[in-house]
Amino acid sequence: MPKTSEQSAASGRRFDTVLIANRGEIAARVQRACRELGLKTVAICSEADRQAPYIKTADHFLCIGPSAAGRSYLNQDAILLAARLTGAGAIHPGYGFLSENAAFADAIEKAGLTFIGPTAASIATMGDKIAAKRAMMAAGVPCVPGPDSALPDEPEAIERIALEIGYPVIVKASGGGGGRGMRVVLKADQLHEAIALTREEARKAFGSPALYMEKFLEHPRHIEIQVLCDDHGNAVWLGHRDCSMQRRHQKVVEEAPAPGIAPEIIQPVGMACVQACRQIGYRGVGTFEFLYEDGAFYFIEMNTRLQVEHPVTELTSGVDIVQAQIKAAQGDVLDLAQSDITCEGHSFECRINAEDPDTFLPSAGVVTHLALPQGPGIRVDTHIHPGYRVSPYYDSLIAKLIVHAPTRAKAMARMCEALAGTEIEGIATNIPFLRALFEDHAFARGETDIHYLEHWLKLRRAAA
């Protein structure tokens with residue numbers, strides 16, 4: 001059971017102003033959560049984002065650098081200076097950029113500020129895929145078959161590991177993520193070339209050539225479990241999501257709960273995730289990612305930050321995850337027990353991107369017309385408006401369209417209606433692609449895996 005506030009009063013880290021170290025829809029979302037908690041906000045921006053609407057509604061704002069992310073949103077010194085100049089007591093990293101940077105989290109705490117996220121030690125542990133796997137195995141979380149150690153340098157030793165696992169295998173960068181630094185090896189004569197290419201890619205992208213190897217699951221689904229933890233040993237999981245609809249390892253549509261998974265199968269996995277959080281002293285929100293195949297779960301990684309798809313869990317669980325994250329950072333005791341979590345109905349999220357719906361090339365420009373759907377069970381998280389200039393410097397995500405309904409079928413119908421009522425002109429968007437996807441029969445039946453969307457797109461291109 002959660003501890004009382006009296007038991008934890010001495011450990012609270014109070015702050016009244018939060019600097020939001022991010023941009024776009026997530027900056028607007030975090031600002032809303034802070035405002036509802038009675039906290040002041042500091043918005044930062046690059047030169048490209050000076051006209052963003054959340055800049056105008058923040059209590060303070062500072063332009064911290066040029067348009068390029070490396071000289072603005074990734075400039076740790078500039079962000080810390082902005083916090084000092086504005087009197088911010090905490091920094092919220094959103095997702096992407098510096099949100100899973102252990103050195104940044106450590107620098108914030110050393111500056112006497114609060115990082116709204118887990119400790120630097122937790123980020124470092126879970127950011128190293130080998131260390132994360134070792135920690136999960138110790139906590140009883142099911143993992144993909146394969147050793148919990150880095151691959152050796154000796155070719156013969158690597159060959160033995162692959163044979164023990166059994167082909168096909170997948171080679172991954174220990175410091176990787178976001179779909180980068182991995183290669184599938186179908187048979188033995190492909191192994192050494194894949195190792196060499198992935199080592200070099202890992203060295204360049206992540207600063208370390210360390211690799212590990214696991215069994216490649218051929219038809220899995222991508223299932224996530226959302227956790228929420230405080231500093232006092234309390235932790236809960238908030239249900240599960242299916243994020244299998246992916247293109248080039250990037251999520252396109254997410255839903256909660258994952259269809260067709262019985263409670264008695266998912267419940268012990270969720271509790272194992274909670275136990276793992278307690279063992280590593282995790283604080284705040286996080287997401288355990290699994291592959292699910294033939295009724296079995298296999299841990300692949302943990303995201304130590306807020307997820308893009310958190311709204312589908314908010315709508316099914318009734319928990320404001322961003323507010324809960326901020327409260328945990330203040331040292332508050334979690335006011336939820338596992339028995340309080342009752343997920344109801346079904347939710348979908350569509351990522352609306354500024355990109356060509358056929359080629360998926362980014363589309364920059366000015367939004368000349370915008371009409372967004374409204375009504376019961378419809379939510380839109382966005383930062384754009386008529387006249388907004390979509391920049392070529394950043395990720396193409398411009399809005400998230402989320403729906404909730406009593407059943408999956410009704411949620412799909414509601415999403416179809418919401419997509420039909422969404423109009424964005426002046427730039428290309430992926431809305432036509434999303435509309436077509438929600439008319440697909442296999443997707444409607446929940447008969448998809450992480451490879452389905454790529455196959456669907458190939459068939460669609462061939463028929464065009």
Side-chain angles (χ1 to χ4, degrees), residues 23-26 48 95-96 178-180 222 241-255 307-309 311-312 347-375 378-403 411-464:
R23 63 173 302 279
E25 67 85 17
I26 192 58
Y95 53 70
R180 297 185 299 164
H222 180 122
R241 304 186 284 253
D242 192 318
C243 305
S244 300
M245 301 306 287
Q246 300 179 14
R247 175 184 168 272
R248 295 187 176 179
H249 304 291
Q250 299 299 309
K251 301 165 189 173
V252 175
V253 174
E254 301 98 347
E255 61 180 298
Q307 294 274 100
V308 176
E309 58 270 26
V312 293
S347 181
F348 282 97
E349 173 182 284
C350 284
R351 301 189 186 197
I352 298 179
N353 298 327
E355 61 188 19
D356 185 279
D358 298 314
T359 66
F360 299 103
L361 292 174
S363 175
V366 176
V367 176
T368 57
H369 170 72
L370 178 66
L372 298 174
Q374 298 178 347
I378 296 175
R379 166 176 161 180
V380 182
D381 285 11
T382 189
H383 59 291
I384 67 170
H385 54 80
Y388 179 83
R389 180 174 293 278
V390 176
S391 169
Y393 290 97
Y394 313 114
D395 185 89
S396 61
L397 179 68
I398 55 173
K400 299 186 311 200
L401 179 57
I402 313 106
V403 301
M412 288 199 79
R414 182 160 287 169
M415 179 60 82
C416 289
E417 293 174 3
L419 286 167
T422 304
E423 301 173 6
I424 303 175
E425 297 176 4
I427 56 169
T429 74
N430 64 337
I431 291 175
F433 155 70
L434 293 168
R435 288 172 179 164
L437 180 58
F438 269 80
E439 295 174 354
D440 179 71
H441 295 302
F443 180 39
R445 293 191 299 266
E447 298 172 355
T448 59
D449 59 31
I450 61 171
H451 308 300
Y452 180 80
L453 184 55
E454 294 281 9
H455 177 68
W456 183 80
L457 285 168
K458 284 182 182 178
L459 292 178
R460 200 161 173 251
R461 283 193 290 267

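- A 4.5 Å side-chain heavy-atom check between V380 and I352 finds every atom pair outside the cut-off.
- In this structure, CD on E439 lies 9.5 Å from CE on M412, to the nearest 0.5 angstrom.
- Although no hydrogens or angles enter the test, the distance criterion places a donor-acceptor pair under 3.5 Å between the side chain of T368 and the main chain of E425.
- Contact between F433 and P357 at its shortest, heavy atoms only, is CB-O, 3.8 Å.
- Contact annotation: the side chain of V253 approaches that of C350 to within less than 4.5 Å [non-hydrogen atoms, C-beta and beyond].
- For Y394, the ring pair (Phe, Tyr, Trp, His ring centres under 6.0 Å) criterion is met by Y73, not counting sequence neighbours.
- Taking a 6.0 Å sphere around NE2 of H455, one finds it holds 12 or fewer heavy atoms contributed by other residues, nucleotides or ligands.
- Side-chain contact between E454 and Q246 is absent, with no heavy-atom pair separated by less than 4.5 Å.
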Working note: V403 + E417, criterion side-chain contact (heavy atoms from CB on, under 4.5 Å); need CA distance, chi angles, decisive distance, verdict.
CA-CA 10 Å; V403 301; E417 293 174 3; over 6 Å; no
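- We find that R351 and E309 are joined by a salt bridge, their nearest charged nitrogen and carboxylate oxygen being less than 4.0 Å apart.
- Distance CE/M415 to CD1/I378: 9.0 Å, rounded to 0.5 Å.
- Taking CD of E423 as the reference point, atom OG1 of T429 lies at 11.0 Å (rounded to 0.5 Å).
- No more than 12 heavy-atom neighbours from other residues, nucleotides or ligands sit within 6.0 angstrom of OH on Y393.
- Atom NE2 of H441 is surrounded by 12 or fewer heavy atoms from other residues, nucleotides or ligands within 6.0 Å.
- Counting heavy atoms from C-beta on, the side chains of I427 and I398 come closer than 4.5 Å.
- The residue from T382, V390, V367 that alone fulfils the side chain to side chain contact (heavy atoms under 4.5 Å, CB included) condition with I424 is V367.
- Residues E254 and C243 approach most closely at CG-SG, 3.6 Å, considering heavy atoms.
- Closest non-hydrogen pair, P432 versus R460, comes out as O-NH2, 4.4 Å.
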side-chain contact (heavy atoms from CB on, under 4.5 Å) between L372 and T422, worked out:
CA-CA 5 Å; L372 298 174; T422 304; 4.3 Å; yes
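- The closest side-chain heavy-atom distance from V252 to L434 is below 4.5 Å.
- Two residues are said to be in side-chain contact when any heavy atoms from C-beta on lie closer than 4.5 Å; E355 and S363 fail this criterion.
- Side-chain atoms of R435 come within 3.5 Å of backbone N or O of L419 as a donor-acceptor pair.
- The shortest distance between side-chain heavy atoms of W456 and F443 does not fall below 4.5 Å.
- S347 contributes no side-chain N or O that, together with a main-chain N or O of E255, makes up a donor-acceptor pair within less than 3.5 Å.
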Kindly determine whether Y452 and D440 satisfy side-chain hydrogen bond (donor to acceptor under 3.5 Å, both in side chains), including the steps that lead there.
CA-CA 11 Å; Y452 180 80; D440 179 71; 2.7 Å; yes
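- When all heavy atoms of R247 and L457 are compared, the closest pair comes out as CD-CD1, 3.9 Å.
- The two residues P373 and A418 come nearest to each other via the heavy atoms CG-O, 3.5 Å.
- D381 places no side-chain N or O within donor-acceptor distance of the main-chain N or O of K400, the cut-off being under 3.5 Å.
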side-chain contact (heavy atoms from CB on, under 4.5 Å) evaluation trace for K251 with Q307:
CA-CA 11 Å; K251 301 165 189 173; Q307 294 274 100; 3.4 Å; yes
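- With sequence neighbours excluded, no residue satisfies side chain to side chain donor-acceptor pair (under 3.5 Å) with R414.
- We find the CG-OG distance between D356 and S396 to be 11.5 Å, quoted to the nearest 0.5 Å.
- In plain terms, the two heavy atoms of L397 and E25 that are nearest each other are CD2-OE2, 4.2 Å.
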